[in-house]
Amino acid sequence: DTEVTQTPKHLVMGMTNKKSLKCEQHMGHRAMYWYKQKAKKPPELMFVYSYEKLSINESVPSRFSPECPNSSLLNLHLHALQPEDSALYLCASSQDGGQPQHFGDGTRLSIL
Amino acid sequence: QKEVEQNSGPLSVPEGAIASLNCTYSDRGSQSFFWYRQYSGKSPELIMFIYSNGDKEDGRFTAQLNKASQYVSLLIRDSQPSDSATYLCAARLSGGYQKVTFGIGTKLQVIP
């Protein structure tokens, strides 16, 4: 078990659905990250929040919408996804932007 | 040229041997380096980080950094079958305080 908790662990959704991924950490970390990982590929950075503000958006399509309600929580809102968006979505946190990142267990997302 | 390069493997070593995993990076200004272990279907787990030239040891793991040669390595002593996983090398490139760039990962197989 990791100290970064992601829910749900698995999610199957249709292309017209709206769903959200959630991430929570209670380590007092001030930087939080969303990554996407396809099979046999390294994690690919999507978004970075630093002190609850969005600091990096790696040109992610608008069908992915991040939200950081407070310093412990990070959400990723999903809408009108495509089959190619099926992947493992990883949340990570670090003490600040320069420190090692710790990953949650991930959400395995399948788009029908 | 990729920013962080690793041989994808597989690297096969017998149980009890030393496994040597290597990584090179292109950005001479890179400051911080990380090694993650990822079991199949699981999320990456931080096992080592190194910021200064030289060796850093933690149990059976030793990380080595040579900034002049732009080379990072991970040595695993007394390799066990449970060490069989993909090892991701990551670097914080210059100008990317919050962004970590991952290599493709090296698959390690420890043969009993």
Side-chain angles (χ1 to χ4, degrees), chain A residues 1-7 9-10 21 23 25 27 29-60 68 87-110, chain B residues 2-10 21 23-26 29-52 56 58 61 63 65 72 74 85-109:
Chain A
D1 290 343
T2 64
E3 295 180 83
V4 178
T5 303
Q6 289 188 244
T7 55
K9 293 192 184 303
H10 301 276
L21 308 185
C23 176
Q25 58 87 15
M27 295 180 283
H29 289 176
R30 303 314 300 264
M32 297 185 76
Y33 312 78
W34 280 116
Y35 287 86
K36 172 183 177 180
Q37 188 177 26
K38 303 281 273 185
K40 301 189 186 304
K41 299 288 188 183
E44 178 184 335
L45 183 66
M46 300 174 71
F47 303 103
V48 180
Y49 273 83
S50 178
Y51 292 84
E52 301 167 47
K53 295 191 184 307
L54 182 65
S55 57
I56 295 178
N57 176 342
E58 291 286 276
S59 302
V60 178
C68 188
L88 180 66
Y89 287 83
L90 296 161
C91 174
S93 70
S94 64
Q95 198 165 32
D96 62 36
Q99 298 301 312
Q101 297 176 22
H102 299 266
F103 285 86
D105 289 339
T107 294
R108 191 160 299 281
L109 177 66
S110 298
Chain B
K2 294 180 182 175
E3 293 171 312
V4 178
E5 294 211 51
Q6 296 179 260
N7 188 320
S8 60
L21 303 159
C23 172
T24 59
Y25 59 95
S26 59
S30 298
Q31 298 294 315
S32 314
F33 304 88
F34 310 90
W35 283 100
Y36 288 86
R37 177 176 63 197
Q38 187 169 25
Y39 293 112
S40 181
K42 302 295 186 182
S43 65
E45 174 191 8
L46 178 71
I47 54 173
M48 292 288 287
F49 59 91
I50 186 166
Y51 302 152
S52 305
K56 179 180 179 182
D58 183 1
F61 299 100
L65 174 59
V72 192
L74 179 71
T86 295
Y87 289 79
L88 296 160
C89 172
R92 180 163 285 111
L93 308 181
S94 60
Y97 178 66
Q98 296 169 327
K99 181 175 177 179
V100 166
T101 299
F102 286 86
I104 195 168
T106 298
K107 185 171 184 177
L108 173 67
Q109 295 177 337

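Residue numbering restarts at 1 for every chain, and letters A, B, ... go by the order of the sequence lines.
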Which of A:S55, A:G106, A:A31 touches chain B most, by non-hydrogen pairs under 4.5 Å:
A:S55
Identify which part of B:I104 has an atom lying under 4.5 Å from any heavy atom of chain A, answering side chain, backbone, both or neither.
both
Checking B:Q38 against chain A: side chain, backbone, both or neither under 4.5 Å from a heavy atom?
side chain
Between B:G105, B:S32, B:G103, which residue shows the highest count of heavy-atom pairs closer than 4.5 Å to chain A?
B:G103
Within 45° of the axis and under 6.0 Å from the centre of the six-membered ring of A:F103, does NZ or CZ of B:K42 qualify?
no
Could you tell me if A:S94 and A:Y33 have a donor-acceptor pair between their side chains, going purely by distance under 3.5 Å?
yes
Aromatic plane relationship, [Y] with [X] - under 30° parallel, 30 to 60° tilted, over 60° perpendicular:
X	Y	answer
B:F34	B:Y51	perpendicular
B:Y25	B:F33	tilted
B:F102	A:Y35	perpendicular

Given that the side chain runs from C-beta out, which part of A:Q101 has a heavy atom under 4.5 Å from chain B: side chain, backbone, both or neither?
both
Please look at A:Q6 and chain B and tell me whether the side chain, the backbone, both or neither of the residue comes under 4.5 angstrom of a heavy atom of that chain.
neither
